[in-house]
Protein chains: 2
Amino acid sequence: MATGRTHRPATRSRGIPEATVARLPLYLRALTALSERSVPTVSSEELAAAAGVNSAKLRKDFSYLGSYGTRGVGYDVEYLVYQISRELGLTQDWPVVIVGIGNLGAALANYGGFASRGFRVAALIDADPAMTGKPVAGIPVQHADALEDIVRDNGVSIGVIATPAGAAQQVCDRLVGAGVTSILNFAPTMLTVPDGVDVRKVDLSIELQILAFHEQRKAGEDAAADDDAAPAPAAVKGAAAAAAAAAAMDEADPKGTDGEAPAVMPA
Amino acid sequence: MATGRTHRPATRSRGIPEATVARLPLYLRALTALSERSVPTVSSEELAAAAGVNSAKLRKDFSYLGSYGTRGVGYDVEYLVYQISRELGLTQDWPVVIVGIGNLGAALANYGGFASRGFRVAALIDADPAMTGKPVAGIPVQHADALEDIVRDNGVSIGVIATPAGAAQQVCDRLVGAGVTSILNFAPTMLTVPDGVDVRKVDLSIELQILAFHEQRKAGEDAAADDDAAPAPAAVKGAAAAAAAAAAMDEADPKGTDGEAPAVMPA
DNA sequence: GACTGTGAAAAGTTTCACAGCT
DNA sequence: AGCTGTGAAACTTTTCACAGTC
């Protein structure tokens with residue numbers, strides 16, 4: 001992150017704000033829906049409504065990409081779809097490996113977003129020998145031993161980690177060692193990676209906890225002063241219990257820290 | 001979002017920045033790990049490292065909660081765990097319903113974070129009659145017809161939507177109608193909700209697209225000027241294809257709009 | 001001496017409002 | 001007349017750096 005790698009040959013004017021990049025997929029989705037309905041042009045106001053942002057923000061965002069609109073008219077849907085796709089790097093297809101084919105990994109493999117074009121699921125990898133060869137979403141699971149070969153043979157640069165928390169760092173290290181430079185981490189743990197490797201994290205328990213925070217706020221609108229349920233002096237002990245609850249989320253799988261067969265399957 | 005509902009009775013000094021709230025679960029996780037190892041106190045530096053942020057940010061974040069540290073010493077782990085848990089509303093337990101027991105919904109039901117305490121999976125709901133009664137993660141799936149009753153009977157205020165995109169808004173409306181005021185949305189679609197209802201969105205395809213953006217940047221270090229693969233004039237057509245890829249992600253399930261039995265379970 | 005808590009500066013993001021093109 | 005593109009203002013978040021406390 002702190003890499004001073006902003007060499008930029010000053011060709012155009014690069015350097016799109018991170019906040020804007022995070023919204024481009026949103027716009028792309030809205031645009032694609034319009035494209036499918038053969039809508040030829042769209043105004044910033046309409047598109048913004050469809051994407052759930054306000055129009056000033058959208059126009060500002062697009063201004064970082066260039067001037068792709070027409071004043072008095074709006075944006076050409078197809079053209080904008082192309083420009084955003086290109087900006088996001090979706091005009092090429094990215095082979096992706098998913099490591100950890102437990103419940104979540106299997107769901108991801110089946111997820112339309114992964115199976116469809118743009119991102120191609122190049123391989124599914126799991127440490128459990130019992131899984132090896134088993135097809136999930138039509139793709140046979142391969143054993144973790146082959147991880148490095150798979151990554152190299154397929155030129156994979158994006159890896160998805162869906163293992164239990166305990167295995168994530170090790171898997172990450174091996175992915176990176178084999179040449180992966182972008183990681184989407186579903187394991188609820190912090191990954192340490194060398195400079196130049198990107199990690200994005202999707203954390204289900206965190207999202208829920210943020211919701212709980214706001215939910216609590218709504219409930220406590222009047223009961224401002226006191227907690228009702230919290231025992232004041234013995235609190236610290238009760239705290240540990242409550243926290244354990246939140247902490248239990250630290251395992252994608254309730255038990256095993258090893259990459260071993262998750263006890264998740266009901267059998 | 002534009003609700004001017006900042007009534008705040010000025011009792012203490014409320015109003016924790018959103019960015020801080022989003023990090024509290026991270027700290028909580030790191031703290032709980034320390035608690036389990038019976039570490040009594042921790043410095044901002046150590047905790048920050050464990051949570052993957054810098055120490056100044058962490059101290060600033062904690063300063064919004066109050067002064068829970070001791071200068072020259074650090075923070076009492078148990079105490080801080082309690083304070084953060086309380087702040088997040090995790091000292092009470094939240095009944096949650098998951099709607100849409102396809103691949104993703106099943107994975108969520110099995111996910112440690114949902115099944116563990118703090119958040120209790122009160123019910124699993126699916127529109128497919130074939131699913132009704134089937135146990136997933138030990139909980140029998142109930143039919144969508146009963147949604148309103150389930151929400152009311154269990155006092156559910158948090159709902160998780162894991163349906164295909166096409167069903168999400170309708171499910172959302174029904175949840176909200178029945179009294180749910182916080183929604184975690186996994187369907188890749190924008191939800192419209194009345195004021196006072198919170199929506200958080202987890203979108204797998206968006207995260208991948210953001211990774212692709214950065215990945216592309218790394219690759220294109222020298223090839224600054226031209227795209228190599230992009231056909232310039234015929235581009236707009238190729239664009240549509242690439243975009244279709246991204247758009248295909250708009251369905252949580254590749255095919256069926258119904259919540260048919262997921263291929264997730266190996267058995 | 002070690003470490004927190006916090007003002008103040010810097011950086012990043014959003015919103016406003018309007019000039020400028022079609 | 002309608003709508004984009006963008007400077008400038010407002011707001012939020014991060015970082016700095018150090019006074020204050022143990």
Side-chain angles (χ1 to χ4, degrees), chain A residues 1-4 6 12-24 26-27 30-31 34 39-77 79-80 83-84 87 210 214, chain B residues 1-4 6 8 12-27 30-31 34 39-77 79-80 83-84 87 210 214:
Chain A
M1 265 182 180
T3 330
T6 319
R12 221 151 298 180
S13 89
R14 288 309 167 143
I16 300 175
E18 211 28 59
T20 294
V21 171
R23 280 186 297 265
L24 291 182
L26 239 57
Y27 301 144
L31 282 165
L34 293 171
V39 176
T41 60
V42 67
S43 71
S44 62
E45 202 69 59
E46 294 166 320
L47 184 53
V53 302
N54 74 41
S55 63
K57 196 187 283 182
L58 178 143
R59 287 200 302 279
K60 188 56 125 191
D61 282 343
F62 286 179
S63 79
Y64 294 118
L65 308 185
S67 290
Y68 295 145
T70 308
R71 290 165 204 242
V73 179
Y75 300 93
D76 181 281
V77 171
Y79 186 54
L80 198 47
Q83 291 300 344
I84 295 178
E87 200 64 61
I210 296 171
H214 292 295
Chain B
M1 265 184 177
T3 330
T6 319
R8 186 134 28 72
R12 218 151 298 178
S13 89
R14 288 309 167 140
I16 300 176
E18 212 26 60
T20 294
V21 172
R23 280 187 296 266
L24 292 180
L26 238 57
Y27 301 143
L31 282 164
L34 292 171
V39 177
T41 60
V42 67
S43 71
S44 62
E45 202 70 59
E46 294 166 319
L47 185 53
V53 302
N54 73 43
S55 63
K57 195 186 282 182
L58 178 143
R59 287 200 302 280
K60 188 59 126 190
D61 283 343
F62 285 178
S63 79
Y64 293 118
L65 308 185
S67 289
Y68 295 145
T70 309
R71 289 165 204 242
V73 179
Y75 300 92
D76 181 280
V77 171
Y79 187 56
L80 198 47
Q83 291 300 345
I84 295 178
E87 200 63 61
I210 296 171
H214 291 295

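Quick caveat: nothing in here was measured; it's all calculated off a predicted structure. Chain letters run A, B, ... following the sequence lines, proteins first and then strands; every chain starts at 1.
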On a heavy-atom basis, which atom in A:Leu65 and which in A:Ile84 lie closest, and how many Å separate them?
CD1-CG1, 4.0 Å
Taking only N and O in the side chain of B:Ser44, is any of them less than 4.0 Å away from OP1 or OP2 of C:dT4?
yes
Tell me, for nucleotides 13-22 of chain D in 5' to 3' order, what letter each nucleotide earns: B for a base near a protein heavy atom under 4.0 Å, S for only sugar-phosphate near one, - for neither?
SSB-B-BBBS
In whole angstroms, how far is the P atom of D:dT6 from the CG atom of A:Leu65?
11 Å
How many Å lie between CD on B:Glu45 and P on C:dA2, as a whole number?
13 Å
Close side-chain approach of A:Tyr79 and A:Tyr68, heavy atoms under 4.5 Å
yes
Rounded to whole angstrom units, what separation is found between the CG atom of A:Leu47 and the P atom of D:dG2?
20 Å
In the structure I gave you, are the side-chain heavy atoms of A:Asp76 and A:Thr70 within less than 4.5 Å of one another anywhere?
no
Give A:Phe62 one of three labels, base, sugar-phosphate or nothing, depending on what nucleic acid heavy atoms sit under 4.0 Å from its own.
nothing
Does some side-chain heavy atom of A:Lys60 sit less than 4.5 Å from a side-chain heavy atom of A:Thr20?
no
Side chains of A:Asp61 and A:Val53: does their closest heavy-atom pair fall under 4.5 Å?
no
A:Asp76 CG to D:dT4 P, in whole Å, measures 13 Å
How many whole angstroms separate atom OH of A:Tyr75 from atom P of C:dT22?
14 Å
Mind checking whether A:Leu80 and A:Phe62 have side chains closer than 4.5 Å, heavy atoms only?
yes
Using whole Å, what does the distance between atom P of nucleotide C:dT6 and atom CD1 of B:Ile16 come to?
14 Å
